Amino acid sequence: MTPQTRTSLKELQNLDQAIAAIRSSAQSFDLLLEEVNAPVARLEQEVEALEKRLTELKLEENRIELTIEERRVRAAKLQERMDAVRNVREEAAVHAELEMVRRALESEEQEALSLLDQIKRLEERSEEQEAAHQEALAEVGPHREELVEEQQSADGKLEALRAERDAFAAGIDLGERRIYDSIMAGARDVAVAELTQDGACGNCYNMVPLQIQNQIRHGEGMIRCEGCGVILTPESEEGLARAREEGERIERALKTSTDQRDEERAALSEAEALEEAEQAAVAEATTAEASAAKASGPISDDPAPDMMSGSVFDTLAAEVAIEGQPVASDGALAEVLGLKAVTEDVVSNVVPAEELAIAAVTEDAAGELVFEDVASDDAPADESAVENGDDVPAEEPADDDAGEVADAGIVAEEAEPRKPTTDDE
Ligand SMILES: [Zn+2]
């Protein structure tokens with residue numbers, strides 16, 4: 001395949017694709033016209049049906065008028081004979097016939113009147129329908145004319161293109177053209193495709209072996225894609241430019257989405273930092289309050305509030321544990337500890353043990369939180385048992401309130417109140 005036929009086949013394909021496009025648009029004109037015409041066509045049919053019926057009625061009416069004419073003539077003749085009868089018998093006979101004719105005449109006149117009435121009504125309806133039809137016609141008229149005009153111009157273009165195509169095809173090597181036509185005949189719109197930049201078929205994107213790529217690029221014979229059968233040609237300047245543009249477009253889109261993702265991440269971490277700072281501030285404030293409260297001395301050593309404080313702390317500690325976050329690194333813990341300190345101090349600030357309890361909660365080397373055994377811990381045995389189930393050894397009740405808070409919740413989760421406890425991350 002010489003470079004000349006290559007371009008020729010491609011141009012032929014361009015013409016064929018243009019023809020196919022115009023042909024399909026011409027078909028859509030047909031559909032559009034039909035759609036636009038539909039209401040008009042319906043009214044037209046109705047008007048036609050009415051007119052047909054009207055013609056039938058008028059014929060019928062004419063026939064009856066004729067019969068009536070004949071009967072009147074007959075009646076007049078009988079009347080004449082009546083005047084000329086010679087005997088009673090004859091008179092009776094003529095009279096009887098005359099009566100018969102008159103009765104028939106009467107009924108036919110009746111029928112004629114009814115027909116005339118029907119005709120009048122039908123004529124009125126027909127006029128109305130005709131007016132509606134004309135109105136519909138006027139309404140769609142401009143659009144219809146436009147469509148018809150476009151259709152005609154498309155037809156004209158199609159004809160010109162076909163002529164151009166035939167003339168052009170005549171200049172192409174017959175063998176090449178036959179192959180081209182046979183591919184196109186398979187109800188396809190692509191028979192010639194360029195190689196892509198990376199050596200694939202431009203129609204089906206199957207990779208073309210390197211050696212064959214070289215043959216195509218050097219214009220050695222007509223080579224067809226093994227995947228889809230199109231005739232392959234080397235990439236053209238326009239094809240390369242298009243590929244470059246497409247590549248740039250993809251790169252731009254990628255960059256945009258990356259930038260967007262980075263922005264979102266930055267916003268997210270900013271929000272997280274803010275939240276942490278807030279939590280730290282809250283913890284600090286509560287600790288300060290706790291110190292203040294402690295300075296003012298014990299407020300109450302009533303066991304009831306104590307239990308309450310225990311349960312509040314249980315809940316908080318349980319929440320921390322359930323969330324499964326490393327407790328020590330979580331701002332929530334600071335809050336919990338702060339709250340705990342407050343509760344302790346306010347409610348049962350009797351012994352220094354409570355402070356020990358808080359201090360005992362430290363971080364171990366791995367950064368995990370360890371609740372160390374607090375000196376003389378005192379969780380009431382019954383409460384501990386309830387929380388841990390029956391497998392927890394009952395502790396001797398102690399007078400110290402602080403330890404209870406230290407271990408109750410988290411220890412409950414671990415079910416090992418007497419041992420160093422780690423958060424089960
Ligand atoms: Zn292919």
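Everything numeric in this text was worked out from a predicted model, so none of it was measured. In each ligand, atom 1 is the first atom listed, and ligand 1 is the first ligand listed.
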Student: Using the side-chain hydrogen bond (donor to acceptor under 3.5 Å, both in side chains) criterion, which residues pair with Arg144? Sequence neighbours excluded.
Tutor: Asn37
Student: Can you name the residues that form a side chain to side chain contact (heavy atoms under 4.5 Å, CB included) with Arg224, not counting sequence neighbours?
Tutor: Ile179, Ile183, Ile231
Student: In the structure I gave you, are the side-chain heavy atoms of Glu139 and Val40 within less than 4.5 Å of one another anywhere?
Tutor: no
Student: Which protein N, O or S atoms does the Zn ion (ligand 1) have within a distance shorter than 2.8 Å?
Tutor: Cys201 SG, Cys204 SG, Cys225 SG, Cys228 SG
Student: Side chain to side chain donor-acceptor pair (under 3.5 Å): which pairs involve residues 178-187, sequence neighbours left out?
Tutor: Asp16-Tyr180, Arg165-Asp181
Student: Quick one: does Thr67's side chain have a donor or acceptor within less than 3.5 Å of a partner on Arg63's backbone?
Tutor: yes
Student: Is the backbone N or O of Val192 less than 3.5 Å from a side-chain atom of Gln13, with the two atoms forming a donor-acceptor pair by type?
Tutor: yes
